[in-house]
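Quick notes on the structure that follows.
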Amino acid sequence: MPNVDRTFFMQNFPSGALSGKTLNPGRAEGFISIFDCWDALASDLPLPCLAYALATAWHETGATMQPVREGFARTDADAFAHVTAYCLTRGIPNYAARDPNGNSYYGRGYVQLTHARNYRTMGQRLGAGDALYDNPDDVMHPATAARILLLGMIDGLFRPTKGKLADYFSAVPQRWFEARELINGDKNVVPKWAAPRNIGTLIGEYGQAFSGVLR
């Protein structure tokens, strides 16, 4: 399959279907990072798979298309404090608790990679050994974040029991709503800012908008 037509995508960016958000330089940079990775990894997959990956990154990064720390924190310390407070409020174990090496494995990237074991697993999948475990902020590099996003979805690494990206988009009808299961079990959650639409519907709509400008 030829590489993604970036010029067509940029010229026809579907801002009307994305709450009116336009294609600024930061967003363009993020899309290009993901396109670069897609062109290298996924030539045999249908373009709706890419569209859904873009939609996921759009949602997870708060439409910035830049890798983020959990809670949209600017620093490691702020992210650690945010997740620690969240876990305390929810009464769950603090998954940001620092390992003996001093690192905290809260969510980072285009899609939130959490927990030390997942940093190890993804680093090995990327052929980087323990590099992501040793230096978790490497996930904040756009090229690395793009590989994690795409390989995690293509191979079904984030939630292995929910299948792989192609399972949702290689047949008709394409399952835009259900595909959220690849990332998180929150597809039926209705955010206050999006009511009455739920997360599965929102991301599915983003994906379909992106699909219309991919070729």
Side-chain angles (χ1 to χ4, degrees), residues 1-68 72 108-113 126 139-158 163-184 187 193-194 197-215:
M1 180 183 294
N3 290 349
V4 174
D5 187 336
R6 297 146 193 245
T7 299
F8 184 82
F9 179 88
M10 303 299 179
Q11 290 177 345
N12 295 278
F13 188 74
S15 59
L18 300 170
S19 302
K21 292 182 172 64
T22 58
L23 185 65
N24 61 26
R27 290 175 182 139
E29 179 185 48
F31 285 117
I32 289 169
S33 294
I34 296 171
F35 290 155
D36 286 346
C37 185
W38 176 267
D39 289 342
L41 293 175
S43 62
D44 60 335
L45 292 178
L47 284 176
C49 289
L50 171 59
Y52 194 79
L54 297 177
T56 296
W58 182 267
H59 175 76
E60 296 285 335
T61 67
T64 66
M65 294 305 293
Q66 293 293 309
V68 296
F72 301 103
R108 295 174 175 86
Y110 285 128
V111 62
Q112 299 291 283
L113 185 67
L126 268 57
V139 176
M140 298 294 290
H141 299 160
T144 301
R147 292 185 70 201
I148 291 168
L149 169 74
L150 290 176
L151 285 172
M153 296 181 77
I154 290 168
D155 291 353
L157 299 178
F158 299 126
K164 301 179 180 181
L165 186 58
D167 296 333
Y168 294 85
F169 297 104
S170 293
V172 177
Q174 294 165 344
R175 296 188 291 155
W176 295 95
F177 174 76
E178 291 82 4
R180 179 61 178 170
E181 290 288 346
L182 290 165
I183 305 297
N184 196 303
K187 66 179 185 293
W193 54 268
R197 292 183 297 170
N198 54 39
I199 288 175
T201 299
L202 281 170
I203 302 176
E205 289 176 352
Y206 300 153
Q208 291 175 78
F210 288 133
S211 184
V213 294
L214 287 173
R215 67 180 190 182

[X] versus [Y], closest heavy-atom pair with distance:
X	Y	answer
Ser15	Lys21	CB-O, 3.0 Å
Ala51	Gly207	CB-O, 3.3 Å
Glu178	Tyr168	O-CE2, 3.5 Å
Pro14	Ala209	CG-O, 3.7 Å

Got [X] and [Y] here, is their nearest side-chain heavy-atom distance under 4.5 Å?
X	Y	value
Phe169	Leu50	no
Ile203	Tyr52	yes
Phe210	Phe13	yes
Leu54	Phe9	yes
Glu60	Tyr110	no
Leu23	Phe31	yes
Arg180	Leu202	no
Val68	Gln112	yes

With rounding to the nearest 0.5 angstrom, report the [atom1] to [atom2] distance, [X] to [Y].
X	Y	atom1	atom2	value
Leu182	Asp155	CG	CG	11.5 Å
Arg108	Ile148	CZ	CD1	10.5 Å
Asp39	Ile34	CG	CD1	12.0 Å
Leu113	Leu149	CG	CG	11.0 Å
Glu29	Asn24	CD	CG	10.0 Å
Ile154	Lys164	CD1	NZ	10.5 Å

How would you list, by chain and number, every residue that makes a side chain to side chain donor-acceptor pair (under 3.5 Å) with Asn12, sequence neighbours excluded?
-> none

Short question: side chain of Gln66, backbone of Gly26 - any donor-acceptor pair under 3.5 Å?
-> yes

Can you check whether Ala63's main-chain N or O pairs, donor with acceptor, with Arg27's side chain at less than 3.5 Å?
-> yes

Charged N to carboxylate O under 4.0 angstrom, Lys187 versus Glu181?
-> yes

Can you list every side-chain hydrogen bond (donor to acceptor under 3.5 Å, both in side chains) pair that touches residues 203-215, not counting sequence neighbours?
-> Asp5-Arg215, Arg197-Glu205

Just checking, any donor-acceptor pair under 3.5 angstrom between side chains of Asn198 and Thr201?
-> yes

